[in-house]
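Okay, so here's the structure we're looking at.
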Protein chains: 2
Amino acid sequence: MHTFWRKGYHATSMQDLVDAMGINRASLYDTFGGKKALFEQAFELYRKTNAQGLQRFLEQQESVRVGLRQLFAMAIEETQSEAGQRGCFVVNVTTELLPDDRSMEGLIRANKEAFTAVFHRFLEQGVASGELSADQDLQAAANLFFTLYNGVKVVGKIPGQEKALMGAVEAALGALR
Amino acid sequence: MHTFWRKGYHATSMQDLVDAMGINRASLYDTFGGKKALFEQAFELYRKTNAQGLQRFLEQQESVRVGLRQLFAMAIEETQSEAGQRGCFVVNVTTELLPDDRSMEGLIRANKEAFTAVFHRFLEQGVASGELSADQDLQAAANLFFTLYNGVKVVGKIPGQEKALMGAVEAALGALR
DNA sequence: CCTAAAACGGAACGATAATTCCAAAATGGG
DNA sequence: CCCATTTTGGAATTATCGTTCCGTTTTAGG
């Protein structure tokens, strides 16, 4: 999974995967069926792990602003680390395979919807707790944070953008009333 | 250029390029030197064209909010068109080639800096004209709009996201005071 | 018109790619 | 321990890949 994440689908060879997984080439085919099937399974594992991680993180937050700030701070800090320079697997797949490979489109859309739903519920909690005002479009805000998250994972691939990205996040938080 | 833009670097074969450009394979090598060199030239042409287009567009805008709204509306509408589903060449290259291919990093960074500078000057004009309040971090706002633009170009690869993306943009505009 | 240069069509070259094959080795359960 | 199953190491298969080659055709300038 990490190899696909880092190099993308096309630039990852089966030998790369054999090396990374430490199993024999024939076993790899026996177990997974082929490059594409393996890719899809890796993608689905990543997507599920990611969405659950986000959900769990936000469940533990008491303040919407603080929670979102921390979420983005972690994401941004991660982009500056060795492993985090891979960016977001979903984002990488989106830009690499769409629009030509329609087979991934449904999964990518499902991921988007799951993420914005998590953001949306989190913002609703902010309204219920009185932190946020009820007179704003929470759906739009959820879409803003999801889209911004995608942007962060792209721009964060450029080394040295921590401060600029964190500024962008602070500006976006300013949109919450 | 369009082929690299759509398929990415690794998935584009020289035969794809021969077909797209309609010249002989040997001439292609004679003229450009090789796949990588051709890619870099295509990228630089795109980057320059794009940055100049953005500059020219914003120069004609009298209102910051209206100008940014239109800019993003156009970008979002474009993602729903056939040609626009390619997304943004720079974004695609960033996610495909970083972090492994460091040779593109300088160009990608330069592009980021050019774009945020254009946004920043535009916001400054808004302050000078009285539309925007001077007591906000214009650099952070410029970074927000640049990062959001990147996010739009990713999420916009999923068909049917026009409304959601436009909502995200409206939410982000709400951050301007 | 002539001729040098450029472009062409087609193929060769060596490497890489995904997938399959097979005898041998390793594993795990009875 | 035995044996069936799984995994292995190594290679083969077929196709594609980026690059180069070369005789022929086309082009453009004098």
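- Atom NE2 in A:His10 sits roughly 11 Å away from atom P in C:dA18 (whole-Å rounding).
- Here D:dG9 presents its P atom at 16 Å from CE of A:Met14, a figure rounded to the nearest Å.
- Within 4.0 Å of A:Ser27, counting heavy atoms only, lies at least one base atom of the nucleic acid.
- If you take CG of A:Asn24 and P of D:dT6, they are 15 Å apart, rounded to a whole angstrom.
- Among C:dC22, D:dC21, C:dA17, the nucleotide with an atom closest to any side-chain atom of A:Ala26 is C:dC22.
- At a threshold of 4.0 angstrom between heavy atoms, the contacts of B:Thr31 with the nucleic acid are absent.
- If you check the side chains of A:Asp16 and A:Ser13, you find a donor sitting under 3.5 Å from an acceptor.
- Counting only heavy atoms from C-beta on, B:Arg25 has its side chain closest to D:dG18 among C:dT20, D:dG18, C:dG9.
- A salt bridge (Lys or Arg N to Asp or Glu O under 4.0 Å) with B:Asp100 is found for one member of A:Arg6, A:Lys157, A:Arg86 and no other, namely A:Arg6.
- Between the side chains of A:Ser103 and A:Lys36, at least one donor N or O lies within less than 3.5 Å of an accepting N or O.
- One can place CG of B:Leu28 at 13 Å from P of C:dG9, the figure rounded to the nearest angstrom.
- Distance CG (B:Asp30) to P (D:dT26): 19 Å, rounded to an integer number of Å.
- Atom-to-atom, CE of B:Met21 to P of C:dC8 comes out at 11 Å; the value is rounded to the nearest Å.
- Rounded to a whole Å, the CD1 atom of A:Ile23 is 15 Å from the C1' atom of C:dT27.
- Comparing C:dA18, D:dG18, C:dC8 by their nearest atom to the side chain of A:Ser13 picks out C:dA18.
- Rounded to whole Å, atom C1' of C:dG9 lies 16 Å from atom OH of B:Tyr29.
- Heavy-atom contacts from other residues, nucleotides or ligands closer than 6.0 Å to CD of B:Glu77 number 12 or fewer.
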